[in-house]
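Note on naming: letters A, B, ... go to the chains in the order of the sequence lines (proteins, then strands), and numbering restarts at 1 for each one.
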Number of protein chains: 2
Amino acid sequence: MRIVSLAGGIGGARFLRGLLAASPDAEITVIGNTGDDITLFGLRVCPDLDTVMYTLGGGINEEQGWGRSDETHVVKEELAAYGMEPQWFGLGDRDFATHIVRTRMLDAGYPLSQVTDALCDRWKPGVRLIPMSDDRAETHVVINDEQGRRAVHFQEWWVRLRAAVPAERIILVGADEARPAPGVLQAIDEADVVILPPSNPVVSIGTILQIKGIREALERKTVVGVSPIVGGAPVRGMADACLTAIGVETTAQAVLELYGSPLVDGWLVAEQDAGVHLDGVLVEARPLIMHDAEAAADIARAAVDLAVRLSEQRGPAGEGAR
Amino acid sequence: MRIVSLAGGIGGARFLRGLLAASPDAEITVIGNTGDDITLFGLRVCPDLDTVMYTLGGGINEEQGWGRSDETHVVKEELAAYGMEPQWFGLGDRDFATHIVRTRMLDAGYPLSQVTDALCDRWKPGVRLIPMSDDRAETHVVINDEQGRRAVHFQEWWVRLRAAVPAERIILVGADEARPAPGVLQAIDEADVVILPPSNPVVSIGTILQIKGIREALERKTVVGVSPIVGGAPVRGMADACLTAIGVETTAQAVLELYGSPLVDGWLVAEQDAGVHLDGVLVEARPLIMHDAEAAADIARAAVDLAVRLSEQRGPAGEGAR
């Protein structure tokens, strides 16, 4: 079976680890969000790609959910001693090496997709990890605080301001020109099912869906999503701040409507959200909290099972929908 | 008193520490060798400038003579885990931060001399440290081994091959175009005396002397050199391999002749080299081994004393020689 999954950072990566456990024989392609990418100290940092790579490759800081295990922070301390900004982004020494390798390859002319392949040669995440695009498409957030109305990089809003300043708008700079990275559309076309993990529906999944051609390709497929909202609150992270910025309620119903039909065919919600409904979508309720790896695998298994059932209803190879 | 000193790496830096101790009230300008500079992992590394800066600023690894004290090597290990080359150059984590700051500033358009000023803002070395040039002038070495005749970067010959493969030629690539960095010629013009530490006469002092205008400016000044060769062997390092490459004997006499007159006015040699002679040069013999900081200060004091005496013989402000 061929599975395609979109993914953001921590929540997506933990779900993917469950998906790998639930579908050990599947060929899984992960399309990673790169809207959060940022250049720090001249080095290109891809937080979501790295979180997926480290989590699936066994190098993640489990407690934190991002960054490397057994990490030290000597370089960061020294940069601060030189007065280098920004000091609000936590880069560890092991992590720095990843960004040095990536930047070196990008500067040598390799596209991010090939760089990601090269980094995964070491990490062997067990999935094929492709960035959504090799082009720059960077999430910026319009805020209005005592310094006035201005657009800041997503990371500045998310990490430095902890999303505490309301976002007036969230803009994917470069979205109009960015094309899907090589292999993205083909992987979707060849997929038996597509799974949307409980990643942030605005700045992770929503960002990937803005890249030209990706939404259209997904609409031809059987897609099952896992609600990132349980009982009116994000499972983890600050998705509510992002949803509010785009005028969407923080509910499993509202996120389903945001994704919409015909994109989504099946939608997993938590038991307390069992009343969620959208025409054309099969909604199923079940426990959705990823307490541990086993819980994540259970949720992933339920998502894949639902997708397979929906796919079979559509007829062989989903042709009924084409 | 205004003193100008040229400097290479370890030996030069230790001598300079002695010079600072011997002349606490002097205004000292150090013109640093940048011929050894190399770009590694996309980061600009200036080994000699950093050795001077760390040594005088209290951040040096005393035992090793280069690199930072209390150093760790996590980034280097991680880069090796990614298979990144070269792995033969030892960059520690604290040191990496220096190169990240430098590269960031160079990429932003600042010349190396301003970058060096900014780094010294932190280290406060007690001298004004100016790179010999803001332009690229990089030492390459022609070798001929089982891989055939080829030119390698100085660091590859020095560090990877440990200068064990004979150098056929030593070439300063870019020497014809490189101009002295801002402040270099003015500092020399305004100097009361100039001191040449026992740095490598070929790839440190010799490199600086190749930058257009520097030798000529020095020839108008009272210059005292400290022989880097004692009893036919380098005080430290592998200067003999460099001298052999340019057809010069490893003796205090030959190095004096290499610098020549009218560049050098005074020459300090070790007691066993007391027979050294060159017309127009006052040669004095004294203990030259820098066992410790005090010995370095004694040698520096002897060099400055000799320079002051020679300068007084020349008449006020050295005008007799102009």
Margin query: For the CD atom on B:Q186, are there more than 12 heavy atoms of other groups (residues, nucleotides or ligands in this structure) within a distance under 6.0 Å?
Written below: no
Next item on the list: Please flag which part of B:Y82 lies under 4.5 Å from any non-hydrogen atom of chain A: side chain, backbone, both or neither.
Entry: both
Next item on the list: Take atom CZ of B:F89 as the centre, draw a 6.0 Å sphere, and report whether it contains more than 12 heavy atoms from other residues, nucleotides or ligands.
Entry: yes
Check: Is it the backbone or the side chain of B:T72 that comes under 4.5 Å from a heavy atom of chain A, or both, or neither?
Finding: side chain
Item checked: Charged tip of B:R104 within 45° of A:F41 ring normal and under 6.0 Å -> no
Checklist line | Atom CZ of A:R179: over 12 foreign heavy atoms under 6.0 Å | finding: no
Check: Roughly how far apart are A:L43 CG and B:T103 OG1, rounded to 0.5 Å?
Finding: 9.0 Å
Checklist line | chain A interface, residue from B:R68, B:R94, B:E71, B:M84 that has the most non-hydrogen pairs under 4.5 Å | finding: B:R94
Next item on the list: Can you tell which part of A:D93 gets under 4.5 Å to a heavy atom of chain B, answering side chain, backbone, both or neither?
Entry: both
Check: Shortest non-hydrogen contact from B:A97 to A:L79?
Finding: O-CD2, 3.6 Å
Notebook entry, point to check: CD of B:E63: more than 12 outside heavy atoms within 6.0 angstrom?
Noted result: no
Next item on the list: Look at B:I100, B:D107, B:D95 and state which one has the largest set of heavy-atom pairs under 4.5 Å with chain A.
Entry: B:I100
Note to self: Counting neighbours of CZ on A:R162 that are heavy atoms of other residues, nucleotides or ligands and sit closer than 6.0 Å, is the number greater than 12?
What the structure shows: no
